[in-house]
Each structure stands twice: as C-alpha cells, then as structure tokens.
Number of protein chains: 2
Amino acid sequence: MAVTLKDIAEKVGVTESTVSRVLNGIPKASKETREEIFRVAAELGYKPNQIARSLVTKKTHTIGLIISDLSNTYFARVASGIEKIASKYDYSLIISTTGGDEKEELKYINLLKEKQVDGILFASGRMPASCKNLLKETEIPTVVVAREVEEDLPSVHIDNIKESYNAVKYLINSGHHNIAMISGNKDDKESGFYRIQGYKQALKDNGLKIRDDLIVEGDFKLQSGIEAMEEILKSDYSITAVFAASDQMGVGAIKAIKKAGLKVPDDISVIGFDNNIISLASDPELTTVSQPEEELGWHSMEMLYQVMEGRDLKERKIYLPCEIIERESVRNI
Amino acid sequence: MAVTLKDIAEKVGVTESTVSRVLNGIPKASKETREEIFRVAAELGYKPNQIARSLVTKKTHTIGLIISDLSNTYFARVASGIEKIASKYDYSLIISTTGGDEKEELKYINLLKEKQVDGILFASGRMPASCKNLLKETEIPTVVVAREVEEDLPSVHIDNIKESYNAVKYLINSGHHNIAMISGNKDDKESGFYRIQGYKQALKDNGLKIRDDLIVEGDFKLQSGIEAMEEILKSDYSITAVFAASDQMGVGAIKAIKKAGLKVPDDISVIGFDNNIISLASDPELTTVSQPEEELGWHSMEMLYQVMEGRDLKERKIYLPCEIIERESVRNI
DNA sequence: CAATTTTAGTCAAACGCTTGACTAATTAAA
DNA sequence: TTTAATTAGTCAAGCGTTTGACTAAAATTG
C-alpha cells in the first residue's frame, strides 16, 4: 500500500491537515512538528497522490497535445519544443495522435476533457468546425499550433504565403525568370495551398507569367518530387529554377534533374522548404527555407501558459519568421 | 460548473449510484430509468470525471513514457509506435524527455508515480542503478525500450552486435577485406559500443585483421561522419569499404569520399545503419540496415499491457530483427 | 494585568465517483 | 399459498487530498 498523509499523521501524532499544510509549505506548525513531519515523510517515502490532489484543486498540471503524427519529423520537433516549455512550467504532456482525422480529433478532445487537462494544444488537422465548437463547449484553454484557424482561438504559425513568396523572390533576385513549382496537396487549405499562393504572388509582383503547367502537385514526399520534376522537365526545358514546397520534394527534384543529365545548380536551381536534415544529405546540398519547428512549440506552450494563468494575450495570433538557408542548389545568373 | 453524476441523479430522480451503474453498463435498472438516464446524460452533456474515478479505482489508464529526445527521428518513431498501441488499448500517454540525463530520469519516474500512471515505458539513458531501484520501489509495471538492461526488467530491443555483424558480413560477402568503421560514442555501453563489437567479431570470424586505426569515433551526426572519413582516408587509402554506425555518418562518409575525388561505390563502398530518410536522399543512395523503430514501440507497449494485466510474459527480453536494405552504395568486387 | 493577537493546531466537509451491503417490491418456483 | 429468488433500486463509506472555520494556549500589547 502506498504511503498516505494519514500514515504520516498517525506516526507523528497530528492530523492530516497539519501534515498537508506543512508539506505544502504553509507555516502553521512549530519548528519541531515541521521537522518531524518532514523526517517521517522521507522515512516512509511519501509521494503525494496527485490524483487526489487534483480532485480537490481542480488542476491536473497536465496539458494535452493533439497532433497529427509523431513519426513525421516536423510534428515531432514541434512536440519536442512544446514538451520543453511544458516541463519548464511543471506541466506534464499527454500526447494523442490523430493522423489528421476529424473523428479522432473529436475523440481526443473529449478524452482530454475527461482527464481534466488544464489546457490543450492543437496541432492536428485543419480544425473543423466540430472541433472548434467542442473545444469552446469544454471551456478548456486551447491554442492552435502550426495550423491556420479563423478568428477566435489563439494560434501560432508561420506565414506560408509570405515565406514562399520570399523563397521565390530569392530565386528571382538570383536572376531566374522561368520558375516552376512542385507543390504539396493543392486543396488542403493549408501549407500546400498557401505556398502556391505565395509563389504566384511573387511571380505576379515581378511581372512574371504564371503558367499552370509549371505548377505540379506532389504530396510532400521524396518520390513525388522525383515524379513531379520529371513531368516538369517533359513539359518545358526552358525553366532555370524550381521551388519545391518541401525539402523531400526538393531533393527528389534534384535527383530527377541529375538523372535527366542536367546539373544542379548549373542548369536548374532548386530551393526547398523545411530545412530538414535531408537538405544537408543531398548532393548538391539543398538551399531551403528553414521552419522554426521547435520555436513553434515553445511559443504555443508559452501562450497556453498565459491563458491558463488567466492573463490576457498581447497577441492572439503569432507568426514566426522563417529564414532562407543558402547552400549549393541555387545559382546566381 | 461541469455536469456531475449528481446532476443527472437529481434530474432523473434516482441516486448517484444508480446513475453510475447504468452509465457503466451494469444492468441494475429498469429499461425506463436506464433510457431516461442516458437521455438526461446526453442532454446535459455529461462527461465522467476520470480523476474522481481514478481515485477510487486506482487505475488512471495512463502510461508514462520516459524518452531521451523527441526531436531525434529515431526516438520519435519509437514514441509514435508506442502511442499507436497505447491508443488501441485506450491508454493515454504522458511523455517526458530527459536528454538521457539521470537526474531527469529520476525526477520523471517520481512524477509519474505521483500521477499514478499504470505503467512506465523507459526509452532513455542507460538505465542507471538508481533508476532501476526507484522503479522497483515504486512497483509500477515497467518495460525498457531500445536499451540494454541487465536482468530483471522486461525489455525489447535490437541486437546491435548481431546486426552490425551482419552488416559487416554483407560487406565481406561482397568481396571486401579492408573495411573501416565509423563508430558512435565508444564508451556509452550502448549501440555505439555494441556495434563496434559486431564489427570486430565479423572481421575475426572471417580471418580479417582488426586495425584500431581503422575504427574512428563519431557522434552519430552527419558532420562527424565527414570528419571521421577524412581521417580514415588520411591513414589508409587501401580500404575498399566502410561501415558507418548511423546513416547520418554514412552519408557524411560518402560526402567525404566524393570530396577526396574518389567514387562511391566504385572506389569505396559504404553501408549505414538506421534506414533514415536521408539514406534515400544521398547520392548514391545509401545501403543500410533498417531498424524497426515503430515495431520497437509496438512490442514494448504490447508487453507493458501484458504485465499491467497481470499476465506472465512468455519472453522477458525480445530482440527484433533488422534488415539490410540494398541500395547503391555497396559494390560487389 | 486584562485585552488582543498570534501560533499551532483540530475538525469536518468537500472534490466526483465506485461499490459492497442492504431493502422493498415483484416474480417465479414448489 | 408460502417460500425463494430476482429486480430495481437506496445508503453510506471510501479513495487521498485540501481548505475554511474553529479553538486553546501562548505571546504581545497598551
């Protein structure tokens, strides 16, 4: 049987309340009893039962993270960032993965509610209305991570439009005028979608023509990058650069270009997105825009902490900047 | 205020116990009351308070995962595997990262105990005696993942000696006799250490000489692979193959070899370890031994489930097999 | 020195649920 | 028709803490 307050109380000869207060540092005891209580507690190896404590305090010091997929480095790194800050504030982290499925999301919101978590971090799907409503109904403080979300809920993300705009601008500034794009899933209303927008806007603002056959859709994975690049190469050999919406597709593109007998960056430049470790593994090394995954985690958890503490947020929507990492795959012409 | 059993009980006109039993599917009520209770529960949006429930049942349906580092793909994938099985059994997962630090490990074991988790999965450092004792003292079912551990505690891992033996054997079978190794940290008594053993054993069993200057130590990261390879190249140009204890070091090696004006695999073959995505990104693609990370997660959680259910384990120590993935970086001579 | 404040506690309720023991009424069996 | 068994509940204790209200003794103040 686990040691309880009662055991200590009996042994010392005081009531549980006294023991409780002493152990919580409330100075309502003589020096002697205090010392005796600490002594006995240590001797018995007392560990407070947080469940019992939570029942009365209505705080679990636990937060729930609803996330798509831990085996994806991107999400794993934001989870890692979250965990670090949570731990700093003495919060535990319950992680639930959903694969972006709405049913799962709903299920886990309910579960977390039942577990009485003090807050929820949502880094999963596109946050359907059902989730938003449920979240609102449960009244648990929530912040959304790395996902676009209309209105109300506090959130932290990167500005996909702006950052891909910058990537393409970088290509343009390097003298490229014929720029293809390998996009992610076009219709997910998320990064895949927004990055195309940034690409188009950059072309437009610089008087370049948007050619739809030069935007080919991948699925963010390496193989799709190879296939997409092959298709681009088929349709138009005159391009001098390509913007890939992920590093995996970027290195896929490099592979395809090399296989076609062309050189990177001499014949075709490529820029990726993510700054995944694989951008360093490819040959040539991939120039890319780095996403601050860990920082996304940090900020979201800091933000959640603020709202759990009942403080007002200065900003309810935070955009973290990305950075272009110049390596070997883009040539100045 | 949250809806409680009492609210339902009052509204229906029965006692809390009846409501409790009905909601838990214990058939001690008439069809009418049962239906009425479900109706009212739904109407009020009742969600059971698991904290209160846990206090009496002494089960939290939560398990704790103590892990080194989530931003490391290897551990992230193990965690992902664990989460999937945990979720299958309706267990929640509290994740704590330690960076392999013993103090942190101890801290989290205590914390998890206080949170009354039903079980612990330990995938962190080398499991110092202090942890083992604490774990034993807390009496929480525990299984160790991906870490060597002497005796008692159930565990699941890969056999590092055997698998690296096989990798080197594969090189030997391909006709190589002069094989260097880029190892991980030599003295960690973990994978770094054991993989060297496997390498040595394979050489020995095949009548090849072990030359200590051909084993150079890295830290599993890409950059260290480059440096290690440069050193090897300096000391001996006659080698025809190198075994890298990680894929990152493997692609580092490839980079260094290419920079030295040599070709992979024509001049020097290289084999890695992990089957990380970067093995696909490199040029040439890296032949490697794939580790079953997700499966490590699955099995450990399945095992933990068995012991939480009080069942006896058929095997207390499970080794999962790896597989050699043949790609482009090894030549047959 | 009486009045007040402080100190060092005690007592009991409460948090929301489960569960064993009990009861009254109904149904089935003999 | 009496007895036994089943059904549909109720009652109250208990899980391990916290916490507001209370009290008796000691210390401080005017």
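Computation of the quantities below employed the complete heavy-atom set of this structure, encompassing side-chain atoms and omitting hydrogens, waters and symmetry-equivalent molecules.
Taking atom CD on Glu16(A) and atom C1' on dC15(D), their separation rounds to 12 Å, with Å as the unit. Taking atom NZ of residue Lys6(B) and atom P of nucleotide dA12(D), one finds them 15 Å apart after rounding to whole Å. Remark: P of dT18(D) and CD of Glu114(B) are 11 Å apart, rounded to the nearest angstrom. One interatomic measurement links the two molecules: NZ of Lys59(A) to C1' of dT18(D), which rounds to 15 Å at whole-angstrom precision.
The neighbour count for His299(B) NE2, taken as heavy atoms of other residues, nucleotides or ligands under 6.0 Å away, does not exceed 12.
A ring-ring contact (aromatic ring centres under 6.0 Å, His included) check over residues 93-117 of chain A, counting only residues at least two apart or in different chains, returns nothing.
Backbone-only contact: Pro48(B) has heavy atoms under 4.0 Å from sugar-phosphate atoms and none from a base. When heavy atoms are screened at a 4.0 angstrom cut-off, Thr18(B) is found touching base atoms of the nucleic acid. At a threshold of 4.0 angstrom between heavy atoms, the contacts of Ser54(A) with the nucleic acid are absent. Within the 4.0 angstrom heavy-atom criterion, only backbone atoms of the sugar-phosphate kind lie near Thr4(A); the bases stay farther away.
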Where do Lys88(A) and Glu302(A) land on the salt bridge (charged side-chain N to carboxylate O under 4.0 Å, His left out) test, with the steps shown first?
CA-CA 10 Å; Lys88(A) 163 179 138 191; Glu302(A) 291 282 3; 2.7 Å; yes
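For the pair Leu55(B) and Ile26(B), both in contact range of DNA chain C, the more 5′-proximal nearest nucleotide belongs to Leu55(B). Both Val56(B) and Arg21(B) lie near DNA chain D, and the one whose nearest nucleotide falls closer to the 5' end is Arg21(B).
The residues Lys136(A) and Asp152(A) are annotated as salt-bridged, a charged nitrogen and a carboxylate oxygen being separated by less than 4.0 angstrom.
At a cut-off of 3.5 Å, with distance as the only test, a side-chain donor of Lys115(B) or Ser92(A) sits close to an acceptor on the other residue. A side-chain donor from one of Thr60(B) and Asp118(B) sits under 3.5 Å from a side-chain acceptor of the other.
Distances shorter than 4.0 Å separate none of the side-chain N or O atoms of Ser30(B) from OP1 or OP2 on dA8(D). Taking only side-chain nitrogens and oxygens, Lys31(B) never comes nearer than 4.0 Å to OP1 or OP2 of dT7(D).
By the side-chain contact (heavy atoms from CB on, under 4.5 Å) test, Ser68(A) pairs with Phe75(A), Ser124(A), sequence neighbours left out.
Nucleotides of DNA chain C with any atom under 4.0 Å from a heavy atom of chain A span, from 5' to 3', dA8(C) to dG16(C).
For dG14(D), the base has no donor-acceptor partner in the side chain of Arg53(B) [N/O atoms by modelled type, under 3.5 angstrom].
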